[in-house]
Amino acid sequence: MSGEQARRTGGPAELPARHTGLVSLDGQLVTRRTAMSLPPGLPLAQWRHLGRQIFVVADSSAWWMGDWLIYGRNEYPDRYRRALAETGLDYQTLRNYAWVAGKFEPAERRARLSFQHHAEVASIPAGERDEWLSRAERGGWSRNELRHRLRAHRESDREAPESPIRLSVQLERGVRWQKAAEAAGLDLLDWMVQRLDEAADEPAESGSPEASRAPSPGA
């Protein structure tokens, strides 16, 4: 469909031929709009590098689309909805991108985290958003790991009464904990919570010393 045909039918115009080749490998075209053709015998290192490039483009495009829509909404308030309809792009999808992009100023966005990481925390207050993103960045959390920890945090807030936990530990032990936290790239509290979560997730072994010392029912 040509651009003129698209204007008559209301459908999206095809991309010009020069825009259909998106990625090249050592100067050789490997992708078109609807396919990727990789040469046989491609070294693993090059295959991995190509995958990282594709991910960066895909992840960045979500931010770009969100910022693009925000710009159109601000600059052409009386015309941008019609202009969007003429592009054939899905408006609801773009709104989702714009909603997340609008929650984070460019300086607040973490390049080491994906757009989806940011989407997971976009609905919580700004200060908490920043703290959760910092934890995810330090801990190397995936998007799913961040979602899991956020869900657990919300459930604990709903179910557990507010009662601060205070610990009194020997100085030497506190120093050891602090060093272990730094080695893991976490602050002390995050490291303690992570270790406690891991211990809680491990099923008790019936033959362990802890189990043998546990009081029996009715004791």
Side-chain angles (χ1 to χ4, degrees), residues 1-24 30-36 49-155 157 190:
M1 181 186 296
S2 68
E4 180 60 33
Q5 288 173 322
R7 283 189 288 274
R8 289 199 300 267
T9 61
E14 291 183 356
L15 289 176
R18 66 180 180 277
H19 289 161
T20 59
L22 302 177
V23 179
S24 63
V30 296
T31 66
R32 297 187 181 279
R33 180 163 172 77
T34 58
M36 169 175 283
H49 177 68
L50 186 60
R52 285 194 295 267
Q53 286 184 307
I54 295 169
F55 173 79
V56 169
V57 171
D59 190 63
S60 299
S61 66
W63 289 117
W64 299 339
M65 293 298 282
D67 289 339
W68 173 76
L69 183 61
I70 291 172
Y71 179 92
R73 190 171 57 201
N74 293 337
E75 292 293 320
Y76 322 113
D78 56 338
R79 290 176 291 167
Y80 87 103
R81 286 289 295 271
R82 181 176 177 180
L84 284 177
E86 292 174 352
T87 67
L89 300 173
D90 181 72
Y91 180 66
Q92 185 58 50
T93 300
L94 292 177
R95 281 190 62 188
N96 293 340
Y97 290 150
W99 180 74
V100 176
K103 292 290 185 178
F104 299 91
E105 294 294 330
E108 298 172 334
R109 302 170 187 176
R110 310 295 183 95
R112 295 176 60 186
L113 299 176
S114 71
F115 181 87
Q116 295 303 324
H117 280 88
H118 293 76
E120 290 294 331
V121 302
S123 63
I124 63 180
E128 294 182 39
R129 288 200 303 263
D130 187 66
E131 177 59 27
W132 279 103
L133 290 177
S134 293
R135 292 181 183 183
E137 197 169 25
R138 290 194 301 266
W141 297 349
S142 67
R143 186 278 305 272
N144 287 342
E145 177 69 12
L146 175 58
R147 176 182 292 179
H148 170 75
R149 289 176 181 266
L150 276 169
R151 184 181 297 121
H153 176 72
R154 289 166 182 150
E155 290 174 355
D157 277 352
D190 285 342

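Along the sequence shown, residues are numbered consecutively beginning with 1.
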S.K.: I'd like to know if the side chain of R110 pairs up with that of S134 as donor and acceptor (distance under 3.5 Å, no hydrogens or angles considered).
M.R.: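 S134 and R110 do have a side-chain donor-acceptor pair below 3.5 Å.
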S.K.: Can you confirm whether R52 is buried at CZ, in the sense that more than 12 heavy atoms of other residues, nucleotides or ligands lie under 6.0 Å from that atom?
M.R.: yes
S.K.: For the atom pair CG (N96) and CG (L69), what is the distance rounded to the nearest 0.5 Å?
M.R.: 10.5 Å
S.K.: Do the non-hydrogen side-chain atoms of W141 and L113 ever get within less than 4.5 Å of each other?
M.R.: no
S.K.: Is R151 paired with E155 through a side-chain N to carboxylate O contact shorter than 4.0 Å?
M.R.: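 Salt bridge absent between E155 and R151.
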S.K.: Of all the heavy-atom pairs spanning H118 and L133, show the shortest one and how long it is.
M.R.: CD2-CD1, 3.8 Å
S.K.: Taking the six-membered ring for Trp and the full ring for Phe, Tyr or His, determine whether the centres of Y80 and Y71 are under 6.0 Å apart.
M.R.: no
S.K.: Using every non-hydrogen atom in the two residues, find where R73 and A98 come nearest and quote the distance to one decimal.
M.R.: NH1-CB, 4.4 Å
S.K.: Okay, side chain of D59, backbone of S114: is any donor-acceptor separation there less than 3.5 Å?
M.R.: no
S.K.: Closer than 3.5 angstrom, by distance alone: can the side chain of R147 be matched with the main-chain N or O of E120 as a donor-acceptor pair?
M.R.: no
S.K.: Provide the closest heavy-atom pair for A101 versus W63 in the form atom of the first, atom of the second, distance.
M.R.: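 Shortest heavy-atom separation between A101 and W63 comes out as CA-CZ3, 3.8 Å.
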S.K.: Please assess E108 against D130 for the test side chain to side chain contact (heavy atoms under 4.5 Å, CB included), listing each intermediate value before the final yes or no.
M.R.: CA-CA 8 Å; E108 298 172 334; D130 187 66; 6.0 Å; no
S.K.: Check whether any side-chain heavy atom of S60 lies under 4.5 Å from a side-chain heavy atom of F55, and answer yes or no.
M.R.: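 Side-chain contact under 4.5 Å: no.
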S.K.: Could you tell me which non-hydrogen atom of K103 sits nearest to which non-hydrogen atom of R129, and how far apart they are?
M.R.: O-NH2, 3.1 Å
S.K.: CD of E105: more than 12 outside heavy atoms within 6.0 angstrom?
M.R.: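 Not more than 12 within 6.0 Å, no.
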S.K.: Taking it one step at a time, do L89 and M65 satisfy side chain to side chain contact (heavy atoms under 4.5 Å, CB included)?
M.R.: CA-CA 11 Å; L89 300 173; M65 293 298 282; 3.9 Å; yes
S.K.: Check whether any side-chain heavy atom of I124 lies under 4.5 Å from a side-chain heavy atom of W132, and answer yes or no.
M.R.: yes
S.K.: Are D90 and R95 close enough, and set up right, to give a salt bridge (Lys or Arg N to Asp or Glu O under 4.0 Å), and what steps lead you there?
M.R.: CA-CA 9 Å; D90 181 72; R95 281 190 62 188; over 6 Å; no
S.K.: Are any non-hydrogen side-chain atoms of S61 and W64 less than 4.5 angstrom apart?
M.R.: yes
S.K.: Does a side-chain heavy-atom distance below 4.5 Å link V121 with F104?
M.R.: yes
S.K.: Working to the nearest 0.5 angstrom, can you tell me the gap between R138 CZ and R112 CZ?
M.R.: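 Here the interatomic distance stands at 11.0 Å.
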S.K.: Indicate the atoms forming the closest heavy-atom contact of R143 with H117, along with that distance.
M.R.: N-NE2, 3.3 Å
S.K.: Should we count OH of Y97 as having more than 12 external heavy atoms under 6.0 Å?
M.R.: no
S.K.: Are any non-hydrogen side-chain atoms of L50 and M36 less than 4.5 angstrom apart?
M.R.: yes
S.K.: Distance from R82 atom CZ to R79 atom CZ, nearest 0.5 Å?
M.R.: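 Between R82 CZ and R79 CZ, I get 10.5 Å after rounding to 0.5 Å.
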